**Student:** 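Let me begin by handing over the structure; questions about it come next.
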Amino acid sequence: MTTWTREAVLAASDAWRWVPGGAETLVVDGVDVIDYPAWALMGFYARPQVVADPGRTVAAVVKVARERGRAKVQWWVSPSTRPVDFADFLIAQGATLDVETEVYALDLTDGIPDHGPTEGLVARLVQDEATLDDAEHVTAAVWGGEPSSGARRAQKLAALARPAAEQDGFQVVVYDAAGAPLATGGCQIVDRVARLWSACTLPEARGRGAYRLVLERRLEVAVEHGATLALVHASVGTSGPIVRRIGFTPYGTGRILAQPTGME
């Protein structure tokens, strides 16, 4: 019997945040903010929950971002953010919609739905330098940026050398029959929730089942490690329809809005 109510799913979604090395966490007028390093491509990221005075809060967050040399604030407005029209308020203040995602979840209590084999493809866990290179090649090609290097790459390789139980999540790469990497995606398990992150497929490989295999392999590993819920913030027009077909349920729309700070 599941314990994953709508309220519990949204609470798990709101608890999800990524704070890599080099990021700094702040609280500005009651809003959690993460100031990311340049390589993370996330910028100055504000995560409001309950905003009592939108005008005051927005002004305070923008001020701190500007003082830190940031040209814009990235606001994550979740299905739980209050007031419910906070995104509209931001747009009225000059923000623009950057990304629209749906919060999807799949109850894993009774296992994973079986969708049959994916012909001509194989999924492998990232466990060494070669598979890390393949995952980063796909990620850079789809999301932009550069593969890790220097100290950050050394940290990733050191993490892969640790026992699985000591690693902060895992990553999967899907290959074609010739061994070429096509797709990748990661997962972190926290409080029995499998947080599925940054799945992507090379443009020329789309429509062949690679994304679905990345998703299904992560679910298999997550269940093996005790996860009872899978959670993903899926893009409305791309990955959203795929996870819905696999059996995920939508729990509300989240938006990332970019607000200029007045810096050039």
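All heavy atoms count here, side chains included; hydrogens, waters and symmetry mates do not. Keep in mind that what you see is a predicted model, and the values were worked out from it rather than measured.
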**Student:** For the residue pair Lys156 and Glu136, what are the closest heavy atoms and their distance?
**Tutor:** NZ-OE2, 2.7 Å

**Student:** Would you say Ser239 and Leu215 make side-chain contact, with heavy atoms under 4.5 Å?
**Tutor:** no

**Student:** Donor-acceptor pair, distance only, cut-off 3.5 Å: does the side chain of Asp191 make one with the backbone of Val193?
**Tutor:** no

**Student:** Go through it in stages, so that I can follow the logic: the residues are Arg244 and Glu102, the test is salt bridge (charged side-chain N to carboxylate O under 4.0 Å, His left out), and I'd like the CA-CA distance, side-chain angles, deciding distance and then a yes or no.
**Tutor:** CA-CA 10 Å; Arg244 187 189 286 265; Glu102 195 80 24; 5.7 Å; no

**Student:** Taking side chain as C-beta onward, heavy atoms only, is Pro147 less than 4.5 Å from Asp133?
**Tutor:** no

**Student:** Could you please spell out the steps behind the side-chain hydrogen bond (donor to acceptor under 3.5 Å, both in side chains) verdict for Thr131 and Asp134?
**Tutor:** CA-CA 5 Å; Thr131 47; Asp134 291 338; over 6 Å; no

**Student:** If every non-hydrogen atom of Pro37 is compared with every non-hydrogen atom of Gly21, which pair is closest and at what distance?
**Tutor:** CG-O, 3.9 Å

**Student:** Can you tell me how the ring of Trp16 sits relative to the ring of His233, calling it parallel under 30°, perpendicular over 60° and tilted otherwise?
**Tutor:** tilted

**Student:** Measure the spacing between CG of Leu213 and CG of Leu182 and express it to the nearest 0.5 Å.
**Tutor:** 10.0 Å

**Student:** Are Trp4 and Tyr251 grouped together when hydrophobic residues (ILVMFWY) are joined by side-chain heavy atoms under 4.5 angstrom apart?
**Tutor:** yes

**Student:** Of all heavy-atom pairs between Asp14 and Arg47, which one has the smallest distance, and what is that distance?
**Tutor:** O-NH2, 2.8 Å

**Student:** Can a donor-acceptor pair be found, under 3.5 Å and without considering hydrogens, that links the side chain of Arg212 to the backbone of Ile242?
**Tutor:** no

**Student:** Once rounded to the nearest 0.5 Å, what's the spacing between atom CD1 of Ile189 and atom NE2 of His225?
**Tutor:** 6.0 Å

**Student:** Please, which pairs that meet side chain to side chain donor-acceptor pair (under 3.5 Å) have at least one residue in residues 59-72, sequence neighbours excluded?
**Tutor:** Glu24-Arg68, Asp35-Arg68, Asp35-Arg70, Lys63-Glu67

**Student:** Would Leu160 and Gln167 count as a side chain to side chain contact (heavy atoms under 4.5 Å, CB included) here? Give the steps.
**Tutor:** CA-CA 7 Å; Leu160 290 175; Gln167 295 183 25; 4.2 Å; yes

**Student:** Any salt bridge between Asp88 and Arg255, counting N to O under 4.0 Å?
**Tutor:** no

**Student:** Report the C-alpha separation of Val58 and Phe86 in whole Å, then their side-chain angles, then the decisive distance to 0.1 Å, and conclude whether the side chain to side chain contact (heavy atoms under 4.5 Å, CB included) test is met.
**Tutor:** CA-CA 10 Å; Val58 170; Phe86 185 65; 3.9 Å; yes

**Student:** Can you measure from OH (Tyr211) to CG (Leu202) and round to the nearest 0.5 angstrom?
**Tutor:** 14.0 Å

**Student:** So do the side chains of Gln49 and Ser78 get within less than 4.5 Å of each other, counting heavy atoms only?
**Tutor:** yes

**Student:** Would you say Val73 and Thr261 make side-chain contact, with heavy atoms under 4.5 Å?
**Tutor:** yes

**Student:** Is the shortest heavy-atom distance from the side chain of Val221 to the side chain of Arg218 under 4.5 Å?
**Tutor:** no

**Student:** The test is side chain to side chain contact (heavy atoms under 4.5 Å, CB included); show your working for Leu231 and Val9 and say whether it passes.
**Tutor:** CA-CA 8 Å; Leu231 188 66; Val9 169; 4.2 Å; yes

**Student:** Decide if atom CD of Glu146 counts as having more than 12 heavy atoms of other residues, nucleotides or ligands within a radius under 6.0 Å.
**Tutor:** no

**Student:** Establish, from distance only, whether the side-chain atoms of Thr253 and Glu100 form a donor-acceptor pair under 3.5 Å.
**Tutor:** no

**Student:** Is the shortest heavy-atom distance from the side chain of Gln171 to the side chain of Thr139 under 4.5 Å?
**Tutor:** yes

**Student:** Please answer: with hydrophobic residues joined when any side-chain heavy atoms are less than 4.5 Å apart, are Tyr175 and Leu132 in the same cluster?
**Tutor:** yes

**Student:** Nearest 0.5 angstrom please: Thr118 OG1 to Arg217 CZ, how far?
**Tutor:** 12.5 Å

**Student:** Any donor-acceptor pair under 3.5 Å linking the side chain of Ser198 with the backbone of Gly185?
**Tutor:** no

**Student:** Is it the case that one hydrophobic cluster holds both Val103 and Leu229, taking links as side-chain heavy atoms less than 4.5 Å apart, direct or via other members?
**Tutor:** yes

**Student:** Just one of Tyr45, Tyr36, Trp197 clears the ring pair (Phe, Tyr, Trp, His ring centres under 6.0 Å) bar with Trp18, so which one?
**Tutor:** Tyr36

**Student:** Please check if Trp75 and Val33 belong to a single hydrophobic cluster, counting links between Ile, Leu, Val, Met, Phe, Trp and Tyr side chain heavy atoms closer than 4.5 Å.
**Tutor:** yes

**Student:** Please step through side chain to side chain contact (heavy atoms under 4.5 Å, CB included) for the pair Asp29 and Val61, ending with a clear verdict.
**Tutor:** CA-CA 7 Å; Asp29 200 42; Val61 173; 5.6 Å; no

**Student:** Working to the nearest 0.5 angstrom, can you tell me the gap between Asp110 CG and Thr228 OG1?
**Tutor:** 11.0 Å

**Student:** With heavy-atom distances below 4.5 Å as the criterion, would you say the side chains of Tyr104 and Leu196 are in contact?
**Tutor:** no

**Student:** Starting from Ile112, can I reach Val214 by hopping between I/L/V/M/F/W/Y residues whose side chains sit under 4.5 Å apart?
**Tutor:** no

**Student:** Nearest heavy-atom pair of His137 and Pro181: which atoms, and what distance?
**Tutor:** CD2-CG, 4.2 Å

**Student:** If you link ILVMFWY side chains whenever their heavy atoms are less than 4.5 Å apart, which other residues fall into the same cluster as Val84? By chain and number, please.
**Tutor:** none

**Student:** Write down the atom of Asp176, the atom of Arg208, and the distance for their closest heavy-atom approach.
**Tutor:** CB-NH2, 3.7 Å

**Student:** For the atom pair CG (Leu108) and CG (Leu219), what is the distance rounded to the nearest 0.5 Å?
**Tutor:** 6.0 Å

**Student:** So which atom in Val173 and which in Ala135 form the shortest heavy-atom distance, rounded to 0.1 Å?
**Tutor:** CG2-CB, 3.6 Å

**Student:** Would you mind reporting whether Gln93 and Gln259 have side-chain heavy atoms less than 4.5 Å apart?
**Tutor:** yes

